[in-house]
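Computed from a prediction, not measured in an experiment: that's the story for all the values here.
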Amino acid sequence: MCCKPRANQVPARRRNMKGTATGNSGQWLRPVEGRHNPLLKELRQAFARAELTPDGYCAIEGVRIVEEAIRSGLKFRALFFRASAANKAERLLPQIAAYVETLRVSDKLFASAVPSETPQGVAALVRCKSHSLEDVLERSNAGPLLAIAGIQDPGNLGTILRSGEAFGAGGVILGEGTVSPFNTKVIRASAGSVFRLPAVAAKLEETIPKLRDRGIRLLATSSHKGTPLGDANLALPVAIFVGGEGAGLTRELAAKMDEFVAIPHSPQVESLNAGVAASIVLYEAASRRR
């Protein structure tokens, strides 16, 4: 939830920037003087709410994540550079289209908008690709679907999204109570996979009949009971349900599963991290498909 921008999308003045003096790297950045600048205000609110803006943009920060958004073919609304990091424009401006707003923000204003404790001095508003539940369900024969049931830790969800892309998941259904995929920590932990792996928010209880209608088996991870992973049926089409930290799946959801899968591990360890458990199951499923 990928391609590089075509050369004709980038103006000559940006394509040639690498040949200019470093001191000129900020010459195409429009200075922002006040905290009430509309784009800066939108960036601040998007970070604070960890949700899309009303017109469908999310806030991202960091050079690597911005480059992942470019590589994923996302549309940029604005790119922000902290004044003391304006030299990074020399690396990024040649990669984006001419119509994108490029702004230089004072260090103080940048810090007030970007939540990271150690910001790299680059942030952006980008339009993430949107998907419907039908879009995700139609990919059930391409790879396992992931159904996330109330995971609240951003690092866990980001890890699952990253592993999902790495091991060929078809898509992700984000159940109620799950952290927003547009949370900046989720985006960072996913290393950009959130931009490419199809994902949609949906109520899992209402989604299960639709999974059944398509002949998709329902499988859940478990710490203490179930079929050992090596013996589990991971054949497609399958939806892997991953419960929230601590509580796992609700009783109502657990009662509807076709199979529980246990990952053998040392009895001295009570349970595996949700992100780790999902990654192991995805790897095992990918290994069998190969």
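Among residues two or more places apart in sequence or in another chain, the salt bridge (charged side-chain N to carboxylate O under 4.0 Å, His left out) test is passed with Glu134 by Arg214. For Arg162, there are no side chain to side chain donor-acceptor pair (under 3.5 Å) partners, not counting sequence neighbours. Looking at residues two or more places apart in sequence or on another chain, you find a side-chain contact (heavy atoms from CB on, under 4.5 Å) between Ala83 and Arg104, Asp107. Applying the salt bridge (charged side-chain N to carboxylate O under 4.0 Å, His left out) rule to Glu284 yields the partners Arg288; only residues at least two apart in sequence or on another chain are considered. Under the side chain to side chain donor-acceptor pair (under 3.5 Å) criterion, Ser163 pairs with Ser279, not counting sequence neighbours. Under the side chain to side chain donor-acceptor pair (under 3.5 Å) criterion, Lys210 pairs with no residue at all, not counting sequence neighbours. Take Asp258 and apply the salt bridge (charged side-chain N to carboxylate O under 4.0 Å, His left out) test, not counting sequence neighbours, and it matches Arg212. Looking at residues two or more places apart in sequence or on another chain, you find a salt bridge (charged side-chain N to carboxylate O under 4.0 Å, His left out) between Arg217 and Glu259.
Using a cut-off of 4.0 Å between Lys/Arg side-chain N and Asp/Glu carboxylate O, Arg64 and Glu67 are scored as not salt-bridged.
At distances below 3.5 Å, at least one donor-acceptor pair connects side-chain atoms of Gln95 with backbone N or O atoms of Arg91.
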Scan the side chains in residues 137-150 for donor-acceptor partners under 3.5 Å anywhere in the protein, sequence neighbours excluded, and list what turns up.
from	atom 1	to	atom 2	distance (Å)
Arg139	NE	Gly170	O	2.5
Ser140	OG	Leu137	O	3.1

Review item, side-chain donor-acceptor pairs of residues 40-50, under 3.5 Å, at least two apart:
from	atom 1	to	atom 2	distance (Å)
Glu42	OE1	Arg77	NH1	3.2
Glu42	OE2	Arg77	NH1	3.0
Arg44	NH1	Arg35	O	3.4

Tell me which donor-acceptor pairs under 3.5 Å the side chains of residues 120-128 have, and how far apart each pair is, sequence neighbours excluded?
from	atom 1	to	atom 2	distance (Å)
Gln120	OE1	Val63	N	3.0
Arg127	NH1	Asp55	O	2.9
Arg127	NH2	Asp55	O	2.9

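Side-chain N/O atoms of Ser132 and Asp135 include a donor and acceptor closer than 3.5 Å.
Residue pairs meeting the ring pair (Phe, Tyr, Trp, His ring centres under 6.0 Å) criterion with at least one member in residues 146-175, sequence neighbours excluded: Phe167-Tyr283.
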